[in-house]
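A short worksheet on the structure shown next.
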Amino acid sequence: MSDASDDLQEQSELPEQMRIRRAKREALLESGAEPYPLGYPRTATLKEIRDKYPELPIDHATGDKVATTGRVMFVRNTGKLCFATLQDGDGTQLQIMLSLDRVGASALDEWKRLVDLGDQVGVTGEVISSKRGELSVLADAWAMTAKALRPLPVAHKPLSEETRVRQRYVDLIMRPLARDMVRTRATTIRSLRDSFHSRGYVEVETPMLQTLQGGASARPFVTHANALGTELFLRIAPELYLKRCVVGGIDRVFEINRNFRNEGIDSTHSPEFAMLEFYQAYADYDSMATLTREVIQEAAFSVYGSHVVTHADGTEFDLGGEWRSVTVFGSLSAALGEEVTVSTPYEQLIRYAEKHDLAVDPKWLPGKLAEELFEELVVPSLQAPTFVRDYPEETSPLVRAHRSDPGLVEKWDLYVRGFELGTGYSELVDPVIQRERFDAQAKLAQRGDSEAMPLDEDYLRALEYGLAPSGGVGVGIDRLLMAFTGLGIRETILFPLVRPE
RNA sequence: GGGGUGCUAGCUCAAUGGCAGAGCUGCGGACUUUUAAUCCGUAGGUUCAGGGUUCGAGUCCCUGGCGCCCCA
């Protein structure tokens, strides 16, 4: 049972500044004002006022009366004339002024007594420019619209990275870059949707809760369905469902949604991440590479007005033109200075691994070992956008065999700035071969590979009805934003997973 | 999994094993053209938690919590 003495106890343990702000809230109520009123009769946002008066002469009165609102970010109070800088959610700032002769002694006194940095206020008055030429609203009246009970962080010292992530709402108030990120992300996703809609694609939403993990090699999150009495997996990829869509005749299909992978957390990995996947009948990995480049370039253009994106640190990064294309074994051979192919013996690959201090897992098949060598020796050098093509068959159970090179599959990975941005296939559509690949995966799972895919009987049944020759692509949305902005994944995701405090 | 490193006032950070401090914020005062306002005064602490060593621990040791960096 919570009673008044408990509340008092809690209150007396609050930091001084929070006690004072609570007292100001009480004082507002006692004076007949609302600390949290229903609204404010706003006639113009800060941005609308700024847009309307881009250049006023110094010390000029417009005669234009407005009612506007914003969060108090700076205060400069003098005896009979007070200045404050208000900020809107879009980051627009505008100065307001309260003078004794306009608002009167009691309103000016209450302003100085009850308003703190971080409070949201409404101001009604005339648009003017100050004697220093600053566009301002000279108040006839002001009102609290939301009293802030917590002080803002210091405006001129950056918040710690952890606080920025844990309290993103504060980060959004304080840091333009955080606000820009949200809008860059929204613009990017809208552009991607537009790009696919304009090409006749249909957007679908496939299950997040799945009875089998499938579509990728990754460890899943496991949960439990009470009604079914079974385990469920949070999806690691939508791939197998999207291909079912193509079987059903949705010939161009895409989905933008979340995947969940129960793996490490670092500057390029989040357990929960946004994924774009798209599939097209009668396409292959070549045409899908072109399409992937186009939609990414269109997204870059929608954000930056150019195919040259500008990172947060100001450096420019060119995503324009055709993108470089190499093969896994060609680039690996170049890095090693010796010819390596999919038929290079395992023992030879081991020698290369030892020479380059690559730790080898004995469970790895030769194809996996070659891929690891590639990731170690080639990937860090892939800064400009590069399609890396033609992977070993044994690591890609959902991909069609290469049309001319035995042992390889028609798969590319897209690398930008040294990380993988997406992957594309000529899809494996033969149900008999697909069953063989699943069987091979099952053997891996028996050997303890927790990333191996289980056999998905229903997916095979779908293939047995006939999947048209198709191309498919997955692109990480968070990583695309990383490529655009040059920031880490925890900056591109609004609320990344963090340990409970 | 291994190694390193950090956690101190609302925020950002100091403090040889010896009185726990600064700037900003806050509070009180002055100021009708400021814009990170300025000036004067002042308050603010369970040093992440728990144990240990010591005359004495923010500091050294141990355990745990939460971060960050490097390696695998």
Side-chain angles (χ1 to χ4, degrees), chain A residues 9 12-25 27 46 50 56-61 70 72-87 92-105 107-109 111-119 125-126 128-139 147-167 169-171 173-176 263-269 353-354 356-362 364 372 375-376 380 488-491 496-501:
Chain A
Q9 178 79 23
S12 68
E13 286 169 3
L14 286 174
E16 180 192 29
Q17 293 191 44
M18 289 178 61
R19 289 201 305 272
I20 288 166
R21 283 169 183 250
R22 276 170 170 72
K24 289 177 178 177
R25 173 184 173 278
L46 303 181
R50 279 218 172 277
L56 278 185
I58 287 175
D59 199 14
H60 179 82
V72 178
M73 298 304 288
F74 301 110
V75 172
R76 302 169 291 281
N77 288 341
T78 69
K80 301 183 181 63
L81 181 64
C82 297
F83 301 85
T85 304
L86 300 192
Q87 179 176 292
T92 303
Q93 295 192 338
L94 188 70
Q95 175 168 278
I96 61 163
M97 300 166 59
L98 299 94
S99 72
L100 178 63
D101 52 16
R102 279 268 189 150
V103 298
L108 189 69
D109 178 62
W111 169 269
K112 286 196 274 192
R113 200 158 50 85
L114 300 177
V115 174
D116 292 302
L117 293 184
D119 290 353
E126 182 181 359
I128 65 160
S129 65
S130 72
K131 285 181 182 169
R132 297 286 175 88
E134 182 77 26
L135 184 65
S136 310
V137 174
L138 179 58
K147 179 69 192 171
L149 296 185
R150 286 179 185 269
L152 289 177
V154 175
H156 310 288
K157 294 277 187 178
L159 272 182
S160 68
E161 200 263 346
E162 186 181 357
T163 307
R164 293 209 315 262
V165 169
R166 287 189 187 273
Q167 297 179 237
Y169 38 89
V170 178
D171 192 28
I173 294 168
M174 301 307 296
R175 209 165 51 100
E263 297 175 345
I265 305 176
D266 62 32
S267 61
T268 55
H269 294 83
E354 283 167 356
H356 291 90
D357 291 329
L358 179 70
V360 175
D361 185 331
W364 288 348
E372 293 286 338
E375 285 182 17
E376 177 77 12
I489 200 165
R490 280 153 68 89
E491 300 288 342
L497 184 68
V498 283
R499 266 180 219 278
E501 284 173 271

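Below, all heavy atoms of this structure are taken into account, side chains as well, without hydrogens, waters or symmetry copies. In what follows, chains are A, B, ... by sequence order, proteins preceding strands, each numbered from 1. Predicted model only: the values in this text are computed from it and were never measured.
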Which nucleotide sits closest to the side chain of [X]: [options]?
X        : options                : value
A/Ser130 : B/rU33, B/rG26, B/rC27 : B/rU33
A/Lys80  : B/rC27, B/rU32, B/rC11 : B/rU32
A/Lys131 : B/rU12, B/rU33, B/rA43 : B/rU33
A/Phe74  : B/rA36, B/rC11, B/rG44 : B/rA36
A/Val154 : B/rG26, B/rG23, B/rU32 : B/rG23
A/Ser99  : B/rU32, B/rU33, B/rG26 : B/rU32
A/Leu117 : B/rU32, B/rU12, B/rG26 : B/rG26
A/Thr78  : B/rC27, B/rG67, B/rU32 : B/rU32
A/Asp116 : B/rC11, B/rU32, B/rG26 : B/rG26
A/Thr163 : B/rC27, B/rU33, B/rU12 : B/rU12

Kindly give the heavy-atom pair with the smallest separation between [X] and [Y], and that separation in Å.
X        : Y        : answer
A/Leu108 : A/Gly79  : CD2-O, 3.9 Å
A/Val498 : A/Arg490 : CG1-NH1, 4.0 Å
A/Arg21  : A/Arg150 : NH1-O, 3.5 Å
A/Ile96  : A/Trp111 : CD1-CH2, 3.6 Å
A/Asp116 : A/Asp119 : N-OD2, 2.8 Å

Taking a pair as Watson-Crick or G-U wobble with both distances under 3.5 Å, which nucleotide is matched to [N]?
N      : answer
B/rA36 : none
B/rG56 : none
B/rC7  : B/rG65
B/rG41 : B/rC27
B/rG21 : B/rC13

Identify, between A/Glu376 and A/Ser129, the residue whose nearest nucleotide on RNA chain B lies closer to the 5' end.
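Closest to the 5' end, via its nearest nucleotide, is A/Ser129.
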
Quick check on RNA chain B: between A/Val115 and A/Pro151, whose nearest nucleotide comes earlier from the 5' end?
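That would be A/Pro151.
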
Atom CD of A/Glu134 and atom CD1 of A/Ile58: how far apart are they, to the nearest 0.5 Å?
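That separation rounds to 11.0 Å.
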
Nearest 0.5 Å, what's the OG-CE distance between A/Ser129 and A/Met97?
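Interatomic distance, A/Ser129 OG to A/Met97 CE, rounded to 0.5 Å: 9.0 Å.
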
Using a 4.0 Å heavy-atom cut-off, does [X] contact any base of the nucleic acid, only the sugar-phosphate backbone, or nothing at all?
X        : value
A/Ser136 : nothing
A/Ile20  : sugar-phosphate
A/Met97  : base

Can you check the distance between [N] and [M], where both ends of the measurement are the [atom1] atom (answer in whole Å)?
N      : M      : atom1 : value
B/rA22 : B/rU42 : P     : 11 Å
B/rG28 : B/rA43 : P     : 14 Å
B/rA57 : B/rC39 : C1'   : 41 Å
B/rC27 : B/rC66 : C1'   : 33 Å
B/rG56 : B/rG17 : C1'   : 8 Å
B/rG45 : B/rC40 : C1'   : 26 Å
B/rC11 : B/rU5  : C1'   : 22 Å
B/rU8  : B/rU59 : P     : 13 Å

[N] [atom2] sits how many Å from [X] [atom1], rounded?
X        : N      : atom1 : atom2 : result
A/Lys112 : B/rG28 : NZ    : C1'   : 13 Å
A/Arg76  : B/rA36 : CZ    : P     : 7 Å
A/Arg21  : B/rG44 : CZ    : P     : 19 Å
A/Arg166 : B/rC11 : CZ    : C1'   : 17 Å
A/Leu149 : B/rG26 : CG    : C1'   : 15 Å
A/Leu152 : B/rG26 : CG    : P     : 10 Å
A/Asp59  : B/rU32 : CG    : P     : 17 Å
A/Arg150 : B/rU25 : CZ    : P     : 20 Å

So, using ring-ring contact (aromatic ring centres under 6.0 Å, His included) as the criterion, who are the partners of A/Phe74 when residues are at least two apart?
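Here the qualifying residues are A/His156.
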
Under the criterion salt bridge (Lys or Arg N to Asp or Glu O under 4.0 Å), I'd like the reasoning laid out for A/Lys131 against A/Asp59: C-alpha separation, chi angles, the key distance, then a yes or no.
CA-CA 5 Å; A/Lys131 285 181 182 169; A/Asp59 199 14; 5.4 Å; no

OP1 or OP2 of B/rA43 versus the side-chain N and O atoms of A/Arg19: is any pair under 4.0 Å?
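No, no such contact exists.
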
Determine which pairs satisfy salt bridge (Lys or Arg N to Asp or Glu O under 4.0 Å) with at least one residue from residues 94-103 of chain A, sequence neighbours left out, and list them in order.
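Output for this query lists A/Arg102-A/Glu126, A/Arg102-A/Asp140.
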
Close N/O contacts between protein and nucleotides 39-41 of chain B (under 3.5 Å):
none

